[in-house]
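These notes are about the structure you will find just below.
Sequence lines set the chain letters: A, B, ... in the order given, protein chains first and strands last, and positions in each chain run from 1.
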Amino acid sequence: MIDVKLIRENLDALRTALTNRGSDINLDAVLELEGKRRQVLHEAEQLRAEQNRANDEIARLKKNKEDASGAIAAMKEVSQKVKALEEKVRDADNALREAMLIIPNTPDASVPIGPDASANRLERQWGTPPEFSFTPKDHVELGEQLGILDFEAGAKVSGARFTVLRGLGARLERALISFMLDTHINEHGYTEILPPFMVLGASMEGAGQLPKFAEEAFTIKDRDLWLVPTAEVPLTNLHRDEILSGDALPICYAAYTPSFRSEAGSYGKDTRGMLRQHQFDKVELYKFTAPEDSAEELEKLTKNAETILQKLGLAYQVVTLSTGDMGFCAAKTYDIEVWLPGQNTYREISSCSNCTDFQARRANIRFRRDKKPEFVHTLNGSGLAVGRTLIAVIENYQQEDGSVIVPEALRPYMGGLERIAAQT
RNA sequence: GGAGAGGUGGCCGAGUGGUUGAAGGCGGCGGCCUCGAAAGCCGUUGUACGGCCUUGCCGUACCGAGGGUUCGAAUCCCUCCCUCUCCGCCA
């Protein structure tokens, strides 16, 4: 959530920011709701102050055993008025909050302005896409031939957009998870968290998933529980309604969770293989920082995610998303895109965002260094999407005979195995 | 699932209708004492919103959440949530 004061004091700047994001929010309507709330609140407070003064007087009279019936009778009417005004305040509050909850974060000044992905800015590239002396296969063909990816079984058990991993495929997924977590914990100083995979609606709202993106998430029937669409949701809410100590920052968490997404609106997109699934594993990086540190921490976090690809020897590039391509909560986002020979292109494998105080405001996460509590900044990034990393490993390390070389960094996690070959 | 107990300030813990934002203690901060520290003593110590003569003062709200009763609710009533104990069930 953005600061209401921005609407009151910096309306034009905010209007520009939202236009750049392609948002069609009617700020004048929000401004009016804000003014209305303040006016009604003031009225209610005035009357309540009067009521409080009278109540003290009644208390005094009673204490002195004097007659208070006149004062009490007079206050009956005031009491009714106060009730009516309080109702109005509640309505005004709710209306304003509803409006505020669907306003996206304002973009950082360093973000390229543009309508969509075409305006994204390439920051850097690492490694070189492999050259093959044969026509490379995609992960579907490779995985099926090796007997490690079973798409039919996935469809039979759970329907479209589910895949079953078998044997060394399952082992490879597990190896990747452990490898990523170990790297971030031992080398990058993150604390490992294993959060619940289901969260309350309040947690979804705190992380910015609700109310706007209810369609994107899976929910549990008849309960206020949602399957996490990303570990970002439980991690954000780990410190909901807390005031952290200033010297505890930055707090850095790394968490493995599955991510559940309905992928509503992406029908027909990436239907082949396991590039886009209803359920995929992800190791998530998350930070709570002081406001002045968040820009630098985003750079570090992104590099931490890149380290995984470098250790695995996978070529990638980093792009800054444009104002039109960024997510709802983000002020700035770097996407990391890994080279996929099966698609002959770079594909997103990580998204690293600085959400500034947007989530902190929604989830009420603050810290104290002087007197006043201040909102923290929150950052998140995939480090990395495990399923897509598995695809990248299989496709980039494929051999002409259809076997796959295991990257050296993963061998300790695969019992020393150097090559995945078809089981005969 | 059944039975019971409980949710109060950073923490512990009093408080069953009227100066209670809330006793007392711990912790924190400032001061005295000390060569320094500890101990001791004195003082101070929440958050949000709004207003103003804007380094402070004033108003309002907040005792799990939401409703209700009342001139007045931490205190009485209702609903919900959470925690703990015992039994049952279960990985």
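- A:N120 contributes a side-chain N or O that, together with a main-chain N or O of A:S322, makes up a donor-acceptor pair within less than 3.5 Å.
- Rounded to a whole Å, the CG atom of A:D241 is 13 Å from the P atom of B:A48.
- Atom name C1', nucleotides B:C84 and B:G15: the rounded distance is 23 Å, in whole Å.
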Margin query: Under the criterion ring-ring contact (aromatic ring centres under 6.0 Å, His included), I'd like the reasoning laid out for A:F260 against A:F197: C-alpha separation, chi angles, the key distance, then a yes or no.
Written below: CA-CA 9 Å; A:F260 302 96; A:F197 299 165; 7.3 Å; no
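- A:Y413 and A:F179 have perpendicular rings, their planes meeting at more than 60° on a 0 to 90° scale where under 30° would count as parallel.
- Counting to the nearest Å, the P atom of B:G64 and the CG atom of A:N364 are 18 Å from each other.
- Rounded to whole angstrom, the span from the CG atom of A:L61 across to the C1' atom of B:G17 amounts to 17 Å.
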Notebook entry, point to check: Stepwise, does the salt bridge (charged side-chain N to carboxylate O under 4.0 Å, His left out) test hold for A:R347 with A:E395?
Noted result: CA-CA 13 Å; A:R347 288 298 304 256; A:E395 292 190 358; over 6 Å; no
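- Put simply, CZ on A:R361 is 12 Å from P on B:A48, counting in whole angstrom units.
- The C1' atoms of B:C33 and B:G72 are separated by 48 Å, rounded to the nearest whole Å.
- The salt bridge (charged side-chain N to carboxylate O under 4.0 Å, His left out) check on A:R60 picks up A:E57, with sequence neighbours excluded.
- A sub-4.0 Å separation between OP1 or OP2 of B:A48 and a side-chain N or O of A:R366 is present.
- Side chain of A:R261 to main chain of A:Q277: no donor-acceptor pair is present (N/O by atom type, distance under 3.5 Å, no hydrogens or angles).
- Atom name P, nucleotides B:G50 and B:A39: the rounded distance is 42 Å, in whole Å.
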So which protein nitrogen or oxygen atoms get under 3.5 Å of nucleotides 55-62 of chain B's nitrogens or oxygens?
from  : atom 1 : to    : atom 2 : distance (Å)
B:G59 : N2     : A:E45 : OE1    : 3.1
B:G59 : N2     : A:E45 : OE2    : 3.4
B:U60 : OP1    : A:N52 : ND2    : 3.1

Give me, pair by pair, the N or O atoms of the protein and of nucleotides 8-13 of chain B that are less than 3.5 Å apart, along with how far apart they are.
none

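- The distance from atom CG of A:L200 to atom P of B:G64 is 20 Å, rounded to the nearest whole Å.
- A:Y190 and A:H188 have perpendicular rings, their planes meeting at more than 60° on a 0 to 90° scale where under 30° would count as parallel.
- From A:E123, atom CD reaches atom OH of A:Y334 across 5.5 Å, with rounding to the nearest 0.5 Å.
- Across the protein-nucleic acid pair, A:R90 atom CZ and B:A65 atom P stand 15 Å apart, rounded to whole Å.
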Next item on the list: Report the C-alpha separation of A:E86 and A:R90 in whole Å, then their side-chain angles, then the decisive distance to 0.1 Å, and conclude whether the salt bridge (charged side-chain N to carboxylate O under 4.0 Å, His left out) test is met.
Entry: CA-CA 6 Å; A:E86 281 177 344; A:R90 255 202 305 279; 5.6 Å; no
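- Straight-line distance from the CZ atom of A:R240 to the P atom of B:A65: 14 Å, rounded to whole Å.
- Going from the P atom of B:G9 to that of B:G68 covers 25 Å, rounded to whole Å.
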Checklist line | Nucleotide pairing, RNA chain B (Watson-Crick or G-U, distances under 3.5 Å), in dot-bracket with [ ] and | | finding: ((((((((.[[[..)..(.....]]]((((((.......))))))(((((((...))))))).[[[[[..)....]]]]])))))))....
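- Rounded to a whole angstrom, the distance from the C1' atom of B:U47 to that of B:C35 is 43 Å.
- Ion pairing between a basic and an acidic side chain is recognised when a charged N comes within 4.0 Å of a carboxylate O; A:K83 and A:E87 show no such pairing.
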Next item on the list: Begin from the C-alpha positions of A:K287 and A:D293 and carry the test salt bridge (charged side-chain N to carboxylate O under 4.0 Å, His left out) through to its verdict.
Entry: CA-CA 11 Å; A:K287 295 187 182 186; A:D293 296 334; over 6 Å; no
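- In this structure, A:S353 contributes its side chain and A:T333 its backbone to no donor-acceptor pair below 3.5 Å.
- Of the possible donor and acceptor atoms, none in the side chain of A:T191 sits under 3.5 Å from a partner among the backbone N and O of A:I185.
- For A:T289, there are no side-chain hydrogen bond (donor to acceptor under 3.5 Å, both in side chains) partners, not counting sequence neighbours.
- Taking atom C1' in both B:A3 and B:G88, the straight-line distance is 11 Å, to the nearest Å.
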Note to self: Is there a side-chain contact (heavy atoms from CB on, under 4.5 Å) between A:F288 and A:L379? Walk through the geometry before answering.
What the structure shows: CA-CA 7 Å; A:F288 300 84; A:L379 299 93; over 6 Å; no
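- When the C1' atom is compared between B:C81 and B:G13, the two are found 24 Å apart, to the nearest whole Å.
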Next item on the list: Between protein and nucleotides 71-84 of chain B, map the contacts as a letter string: B base, S sugar-phosphate only, - none, heavy atoms under 4.0 Å, written 5' to 3'.
Entry: BS------------
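- We find that CD1 of A:I243 is positioned 8 Å from C1' of B:G46, with the value rounded to whole Å.
- Looking at heavy-atom distances under 4.0 Å, A:R8 makes contact with sugar-phosphate atoms alone, never a base.
- The P atoms of B:U70 and B:C77 are separated by 16 Å, rounded to the nearest whole Å.
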